[in-house]
Amino acid sequence: MLGTSIFSFAGNTQTVGDTSKPVLIHITETKKIDDLKVLVVLDGKIAGTMGEIKNIETIVPIEKIESVNVLKDTAAIKKYGDKGKWGVIEIISTGTFKITDVSLKKVQEDTDKVFEKVEIEASFPGGDATWRRYLERSLNGTVGSNNGAPIGLYTTVVQFMVDKEGNISEVKPLTNHGYGMEAEVVRVLIKGPKWTPAVQGGRMVKAYRKQPVTFLVQDENIEIVSEKLYVFSTGVSNLVSIKVFKVKDEDLDVSISQGTIERKGGGDYEVKVNERGKAIITIRNNKNNKLLGAVYYRVN
C-alpha cells in the first residue's frame, strides 16, 4: 500500500509625546495579538499585560495619571528582561495605587480559567499555510498504510490546551482510528513550536483547541470510485466502482461489514448500509481466496 497525507501579529507601541497630560491607553480596537503582550507597569510595579488589563482605567483613574512612558525593543528588555520583549508601558500616578480593583479579580479568574469556547481560537504561528508546511515536513503521512490500515480517508481529531504563553499541554486524541495515526499527530504536536494563544474578551486566555488532521491511505493496485470519496449514506443506494490491477472483475469476491453490496457488472457495485459509523469493504480473489485489500468508508 502507498500512503499519503492530506492536511485539512507584531504590534508597535507608540511613545506618548507630552507625558504631562493624562492619556487614556486602551486596546479595545487592537487587531494584533502581540499587542496584548505589552507589559504595563504602574508606579514601578508590574500590573500585567495589556491583554490581561485591557483598559488602563481598570487599575488607575485617568485623571490620576501623572505621566506615561513607552519602552520598546532593547530598552524594554534591558529594564524588564524577557517580560518586556513585546514592549512596556510605564505609568506614574499622582499617588500610589494598590492593584486590588474588582475588575482585576475578574482578570485573574480569566487567567486561571481554561476556556472551551473563545472569540479567537489558538492558532499555529504563521497561520494555516505554515501549519500545512509544518505537517508536510514533520508528520509521517504513511503511518496508517505502514500499519495495515484499509484504504480510505481518516480524519483524526486531537485536543490540547494552549496557555497564555502558547505552551501546549493535555494533548489527547478524540478519535480512535488506530494504526498509529492519532499517536503520530500527538507526537508532532508535542514536538512542535508554541502556538498563538486564544483570545477572549480582549485578553489572552488558556483554552482548549481541537485540531483535525486527515490521512489518506491508498493502494496502487486498487482503484475505488464513488460519489462521495470514502463516504456512504444510510437509507439510499450508494454506487461504487472497484477495479483491481491484473484481476478480472468476475474473479473478485467483495463483501461488506454491514449492510449489503451487490455486483452490477463492469466493476460497479450497489451498496446499502444500515447504521451510521463505518463500513469496511473486503476484496478477495475468489480463485485462491487471497486477500487483495480492504476499504474503509465513513457512514453518515
### Query
So do K194 and N167 actually touch side chain to side chain, heavy atoms under 4.5 Å?
yes
### Verify same cluster id: V38, I77 (apolar side-chain graph, 4.5 Å)
no
#### Entry: Beyond-backbone contact of V186 with P173, side-chain heavy atoms, under 4.5 angstrom
yes
### Chi angles and distances behind the side chain to side chain donor-acceptor pair (under 3.5 Å) call for Q218, S145
CA-CA 8 Å; Q218 295 177 308; S145 56; over 6 Å; no
### Smallest separation among heavy atoms of T155 and T175, with atom names
O-CG2, 3.9 Å
### Message
Testing the basics here: between D219 and N221, what is the closest heavy-atom pair and its distance to 0.1 Å?
### Response
OD1-N, 2.9 Å
### Query
Which heavy-atom pair separates P197 from V162 by the least distance, and what is that distance?
CA-CG1, 4.1 Å
### Query
Quick one: does I224's side chain get under 4.5 Å of Y230's, heavy atoms only?
yes
### Approximate separation, where rounding is to 0.5 Å, of K37 NZ and E165 CD
9.0 Å
### Query
Do V68 and I62 share a hydrophobic cluster, counting only Ile, Leu, Val, Met, Phe, Trp and Tyr and linking them when any side-chain heavy atoms are less than 4.5 Å apart?
yes
### Message
Please give me the minimum heavy-atom distance between A76 and G84, naming the atom from each residue.
### Response
CB-O, 3.2 Å
### Query
Counting heavy atoms not belonging to Q159, are there more than 12 under 6.0 Å from its CD?
yes
### Donor-acceptor under 3.5 Å (Q258 side chain, E275 main chain)
yes
### Task
Measure the shortest side-chain to side-chain distance between N140 and N146 over non-hydrogen atoms and say whether it is less than 4.5 angstrom.
yes
### Query
Just wondering, are more than 12 heavy atoms of other shown residues or ligands nearer than 6.0 Å to CZ in R298?
no
### Query
With I283, which of I151, V247, L291, I242 fulfils side-chain contact (heavy atoms from CB on, under 4.5 Å)?
I242
### Message
Membership question, hydrophobic clusters at under 4.5 Å side-chain separation (ILVMFWY): are F215 and Y134 in the same one?
### Response
yes
### Query
Nearest 0.5 Å, what's the OG1-CZ distance between T196 and R209?
10.5 Å
### Task
Would you sort out whether V88 and K79 count as a side chain to side chain contact (heavy atoms under 4.5 Å, CB included), showing the intermediate values?
CA-CA 9 Å; V88 180; K79 189 169 183 179; over 6 Å; no
### Which atom of R284 lies closest to which atom of N289, heavy atoms considered
NH1-O, 3.2 Å
### Query
Can you check side chain to side chain contact (heavy atoms under 4.5 Å, CB included) on Q211 and W131, steps first, answer last?
CA-CA 11 Å; Q211 182 61 51; W131 168 244; 3.4 Å; yes
### Task
Run the numbers on K172 and E170 for salt bridge (Lys or Arg N to Asp or Glu O under 4.0 Å), then give the verdict.
CA-CA 6 Å; K172 66 175 183 179; E170 300 182 28; over 6 Å; no
### Task
Count the heavy atoms belonging to other residues, nucleotides or ligands that lie under 6.0 Å from CG of N300, then report whether that count exceeds 12.
yes
### Validation row: L139, E184 side chains within 4.5 angstrom (heavy atoms)
yes
### Message
Just verifying a value: how many Å separate I92 CD1 and E66 CD, rounded to the nearest 0.5 Å?
### Response
7.5 Å
#### Entry: Gap separating the CG atom of L135 from the OG1 atom of T130, nearest 0.5 angstrom
11.0 Å
### Message
Please give me the minimum heavy-atom distance between N286 and D253, naming the atom from each residue.
### Response
CB-CB, 4.0 Å
### Task
May I ask you to test the E90-L71 pair for a side-chain heavy-atom distance under 4.5 Å?
yes
#### Entry: Shared hydrophobic cluster for I281 and V236 (ILVMFWY, side-chain gaps under 4.5 Å)
no
### Value rounded to 0.5 Å, distance of OG in S241 from NZ in K264
14.0 Å
#### Entry: Verdict with reasoning, Y80 to V41, per side chain to side chain contact (heavy atoms under 4.5 Å, CB included)
CA-CA 10 Å; Y80 292 97; V41 178; 3.6 Å; yes
### Task
Answer yes or no on whether K228 is positioned over the face of F232, meaning its NZ or CZ is under 6.0 Å from the six-membered ring centre and within 45° of the axis.
no
### Task
Decide whether I168 and V188 are clustered together by the hydrophobic rule: side chain heavy atoms of Ile, Leu, Val, Met, Phe, Trp, Tyr closer than 4.5 Å, transitively.
yes
### Message
Apply side chain to side chain contact (heavy atoms under 4.5 Å, CB included) to residues V158 and V213 and explain how you reach the verdict.
### Response
CA-CA 8 Å; V158 174; V213 175; over 6 Å; no
### Task
May I ask you to test the N238-Y297 pair for a side-chain heavy-atom distance under 4.5 Å?
no
### Query
Parallel under 30°, tilted from 30 to 60°, perpendicular over 60°: which one fits the rings of Y154 and H177?
perpendicular
### Query
Taking C-beta and beyond as the side chain, do D249 and Y269 meet within less than 4.5 Å on heavy atoms?
yes
### Query
Got a second to check how far L216's CG is from L153's CG, nearest 0.5 Å?
5.5 Å
